[in-house]
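Structure first, commentary second.
Along the sequence shown, residues carry numbers from 1. Owing to the predicted nature of the structure, the values given are computational and were not obtained by experimental measurement.
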Amino acid sequence: MSSSHKFVIDTNIFIEAYKRYYSFDIAPSFWDALLQHAENGNIISIDRVKQEINSFHKNDELSEWANHYFAQWFEPTDKIEVLI
């Protein structure tokens with residue numbers, strides 16, 4: 001993945017992966033890869049995605065992971081740089 005591109009991850013990526021194909025117990029490497037891509041500056045998400053995860057996945061593995069491990073890559077949508 002080229003470092004000149006940054007991709008914004010939508011709620012669907014997190015939820016579908018968690019519920020269907022890449023649950024934490026089946027594919028931990030998927031979640032590690034998301035973190036690695038975020039650390040490398042290739043992906044981010046937005047605060048509204050985090051809010052949606054927290055609304056529909058209260059206190060489950062996905063919300064715990066999002067709030068603990070991925071929290072710093074949820075960009076606030078009140079920043080003009082995020083909206084452009």
Side-chain angles (χ1 to χ4, degrees):
M1 181 177 289
S2 171
S3 62
S4 64
H5 293 94
K6 187 176 286 192
F7 297 91
V8 180
I9 305 300
D10 193 356
T11 309
N12 189 51
I13 298 296
F14 295 108
I15 292 175
E16 287 297 309
Y18 172 66
K19 289 175 117 179
R20 294 179 188 246
Y21 310 109
Y22 302 112
S23 64
F24 290 99
D25 59 337
I26 293 172
S29 60
F30 172 81
W31 303 97
D32 292 341
L34 285 179
L35 293 174
Q36 187 64 50
H37 284 296
E39 289 171 1
N40 291 338
N42 298 322
I43 64 172
I44 61 166
S45 195
I46 60 172
D47 55 2
R48 293 177 187 184
V49 168
K50 183 179 176 187
Q51 291 168 358
E52 193 170 352
I53 290 170
N54 286 332
S55 292
F56 295 103
H57 291 270
K58 295 178 182 174
N59 301 319
D60 67 4
E61 275 185 298
L62 179 57
S63 65
E64 289 176 18
W65 180 87
N67 288 298
H68 183 72
Y69 294 103
F70 202 85
Q72 70 191 49
W73 293 290
F74 288 108
E75 295 286 337
T77 50
D78 60 355
K79 285 175 48 177
I80 193 67
E81 305 87 49
V82 174
L83 299 175
I84 297 177

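In this structure, the separation between CG on Asn54 and CZ on Phe74 is 8.0 Å, given to the nearest 0.5 Å. To the nearest 0.5 Å, atom CG of residue Asn42 and atom CG of residue Leu34 are 11.5 Å apart. Rounding to the nearest 0.5 Å places CD1 of Ile43 at 4.5 Å from CD1 of Ile9. Taking CG of Asp10 as the reference point, atom CD of Glu16 lies at 11.0 Å (rounded to 0.5 Å). We find the CD-CD1 distance between Gln72 and Ile44 to be 12.5 Å, quoted to the nearest 0.5 Å.
Applying the salt bridge (Lys or Arg N to Asp or Glu O under 4.0 Å) rule to pairs touching residues 23-48 yields nothing, sequence neighbours excluded. For residues 53-72, the set of pairs meeting the salt bridge (Lys or Arg N to Asp or Glu O under 4.0 Å) definition, not counting sequence neighbours, is empty.
Applying the side-chain contact (heavy atoms from CB on, under 4.5 Å) test to Tyr69 and every residue at least two apart in sequence or in another chain returns Leu35, Trp65.
Criterion: ILVMFWY side-chain heavy atoms under 4.5 Å apart, direct or through other members. Under it, Val49 and Phe56 are not part of a common hydrophobic cluster.
For the ring-ring contact (aromatic ring centres under 6.0 Å, His included) test with Phe30, the passing option among Tyr21, Phe24, Phe14, Tyr22 is Tyr22; the others fail.
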